[in-house]
Amino acid sequence: MSEASSAQARGLAKWGLNLNVVLVLVFLYAPIVLLTIYSFSGARNPGQWGGFTLDWYRALGDDTRVQDAIWVSVKVALVSTVVSVVLGTMAALALERFTFRGKKVFDALLYLPIIIPDVTMAVMMLLFFTQAFDLLDDWFGLRIAKGFATIVVSHIAFNIAFVSVVVRARIAGMDATLEQAAADLYATRWRAFVHVTLPQIMPGVLGGALLALTLSLDDVVVTQFVAGPGSTTLPVYVFSLIRKGVTPLINAVSVVMLAASLVLVIGSLFAQRANEGRRRREPAA
Amino acid sequence: MVPAVSMRALTKRFDDVVAVDAIDLDIADGEFFALLGPSGCGKTTTLRMIAGLEIPSAGSLKIYGDEVGTLPPNKRPVNTVFQNYALFPHMSIADNVAFGLKMQKTPKADITRRVGEAIELVRLSGMEHRRPNQLSGGQQQRVALARALVNRPKVLLLDEPLAALDLKLRQGMQFELKQLQREVGITFVFVTHDQEEALSMADRIGVMGDGELLQVGSPEEIYDQPVNRFVADFIGRSNFLPGTVEDAATVCLTNGTRVAVQHAGATGEAIALSLRPERVQIADRDATPDGHAHLDGTVSMVTFLGSGVVYQVALDWMTIEVRAENRPSVPRRDVGDAVSLWWRDDAVAVVPA
Ligand SMILES: Nc1ncnc2c1ncn2[C@@H]1O[C@H](COP(=O)(O)OP(=O)(O)O)[C@@H](O)[C@H]1O
Ligand SMILES: [Mg+2]
């Protein structure tokens, strides 16, 4: 009797759990599916189905302002990723391998961009640039305007934090005596880094790079504050389109961005998987 | 002859921990030297200072006459076999072994030849293209050895290289290492906490305790003439019989027995006689030879070890451990037997109480 009822209860629980999974998936992905579907809609109103068409993708191909924005986005992402990977890895190495004065403070400050809200970061960057430009103008008569450079610098600023966290995890898992062995075998600091440390932390560096690339491509808030005329990234441009009135062109642009982000996220997952696999294969000794 | 390694008042402090406390030590050229001591006594730190991986807090450290105190590790003519081997996981065995030569910009042809020789020396031919994680512990250990020896260092430093191996393999490797050292003629500085390993392999042993170098000598000297209770106790087992010095050649034990010894020390000093279990002779009560001190007691416990038998003999004032060989000619004792113990004059060492 009780066995039957407990089996029933278990069946119910299982059914409930399955329903939960379905609901979560619907909740997460229904908007994305809808967005993708409506990007092929022939109607001018983006929420209305007007028959299948590739017009919006064609329009995207013809729209030079969108293409400019994409190009700016890609350049910003590449430059900020390269610089933040170098600086973030260096910061991670400094924190894991050396002791120096103010290390704790540096450590805490490095995490700041991860925890503070985007808007705060954006205002901070804007203030910083305004002050810095004023000073440069006062002292050297240099007149600098916001634009590509300020976007890149801002993206580097938040990407360093993310890169260093990811790389640091990998360095922490690495056997420090490997570097000592390299030094013992006549390697200079630099060659020990190139031949031993870097290959060991490479999965972390790649993961950090992909993360930085994704974050840079996706950022709206910070970029909007520090962008100048003539330098607009894709997400910021899309945001401005919404204010002018929405057409399914936005849907098409979003789908393109989504696809790009997806590729990067999947890439970073694979990098991490390879990373873990290697760690499992290496004996702990 | 310039010593291979020479330390004077060499000291290493970590914050408030004194890991190595003013060590004076000369290690001779071509010597197999063992640094022996319990875990945490500063052996690894001493070795790491020689390697350049730790900078001394004070004192002088010379390698073949050159002061190396703050010289970085890559500029020292020494190589290390690390306790955990520290093989590069992303490189093949051949690349691991070749690493030091590549860093020294040795010509390619030389590298190939010497790497081949080194791999052959440690009998790993055919494994060149494997990764370290595809080898057994013993094989990894030999790769670490080859990776160090291929550079022909003036001094090879080994930090408990056999500790991770199981007993059979360890005994085999002890013999091999000793053999290898004779072949290559390089000075070996070998760190271990295993006294048998040190006794069986080393030409000379330095016993460390709590950051200090307590005694340096040949295995025989260390075993037969320990300078204090710590050394006597750490190297093998020993009975410590308390007493006072009566004159230069006599010690009076606590129970009043007078014992002839070779070097007693200052008259009136409180000392202990260190008496190895296998040096004590066990005889029937009052059947001890004339001219030797003897102690009467009762067998309180018998432990059979195969090659020998250990008796605990209870005296009125202490218990003494005696180890007898398991031979047909040696009579066996049972619990409760009344016995007398005696020893040759040169069987005891006088140590501070
Ligand atoms: N990097 C370090 N920082 C702080 N203390 C250390 C460090 N390395 C060693 N010590 C301390 O120094 C002492 C000697 O350590 P070690 O040389 O490793 O001993 P052994 O090799 O004989 O076991 C220990 O008390 C240890 O805790
Ligand atoms: Mg150690």
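Chain letters run A, B, ... following the sequence lines, proteins first and then strands; every chain starts at 1. Heavy atoms only: backbone and side chains are in, while hydrogens, waters and symmetry mates are out.
Between the side chains of Asp175(A) and Asn84(B), a donor-acceptor pair is found at a separation under 3.5 Å. In this structure, a donor-acceptor pair under 3.5 Å is present between the side chains of Asp184(A) and Thr80(B).
Other residues, nucleotides and ligands contribute only 12 or fewer heavy atoms inside 6.0 Å of the CZ atom of Phe128(A). Around the CD atom of Gln134(B), the shell of radius 6.0 Å holds more than 12 heavy atoms that belong to other residues, nucleotides or ligands. Within 6.0 Å of NZ on Lys75(A) lie more than 12 heavy atoms contributed by other residues, nucleotides or ligands. Other residues, nucleotides and ligands place no more than 12 heavy atoms under 6.0 Å from the CZ atom of Arg189(A). The neighbour count for Phe27(A) CZ, taken as heavy atoms of other residues, nucleotides or ligands under 6.0 Å away, does not exceed 12. Tyr111(A) OH: more than 12 foreign heavy atoms inside a 6.0 Å radius. No more than 12 heavy atoms of other residues, nucleotides or ligands lie within 6.0 Å of NZ in Lys154(B), so this atom counts as exposed by the packing criterion. Environment of CZ in Phe14(B): crowded, with over 12 heavy atoms of neighbouring residues, nucleotides or ligands closer than 6.0 Å.
Taking 4.5 Å as the limit, some side-chain heavy atom of Leu178(A) sits within range of a side-chain heavy atom of Pro89(B). The closest side-chain heavy-atom distance from Val196(A) to Phe99(B) is below 4.5 Å. Looking only at side-chain heavy atoms (C-beta outward), Leu101(B) and Tyr186(A) stay at 4.5 Å or farther from each other. Within the 4.5 Å cutoff, the side chain of Leu185(A) has heavy atoms near those of the Phe88(B) side chain.
The choice from Lys102(B), Arg147(B), Lys75(B) that makes the most heavy-atom pairs within less than 4.5 Å of chain A is Arg147(B). The candidate with the highest count of non-hydrogen atom pairs below 4.5 Å against chain A, out of Gly100(B), Ala51(B), Ala144(B), is Gly100(B).
Asp95(B) CG to His195(A) NE2: the interatomic distance, rounded to the nearest 0.5 Å, is 11.0 Å.
Minimum interatomic distance between Met103(B) and Arg191(A) (heavy atoms only, all atoms of both residues): O-NH1, 3.4 Å. Across every non-hydrogen atom of Arg48(B) and Gln180(A), the tightest pair is NH1-OE1, 2.9 Å. When all heavy atoms of Ala86(B) and Thr177(A) are compared, the pair lying nearest together is CB-OG1, 3.7 Å.
Both the backbone and the side chain of Ala182(A) have a heavy atom closer than 4.5 Å to some heavy atom of chain B. No part of Leu157(B) comes within reach of chain A, as not one of its non-hydrogen atoms sits under 4.5 angstrom from that chain.
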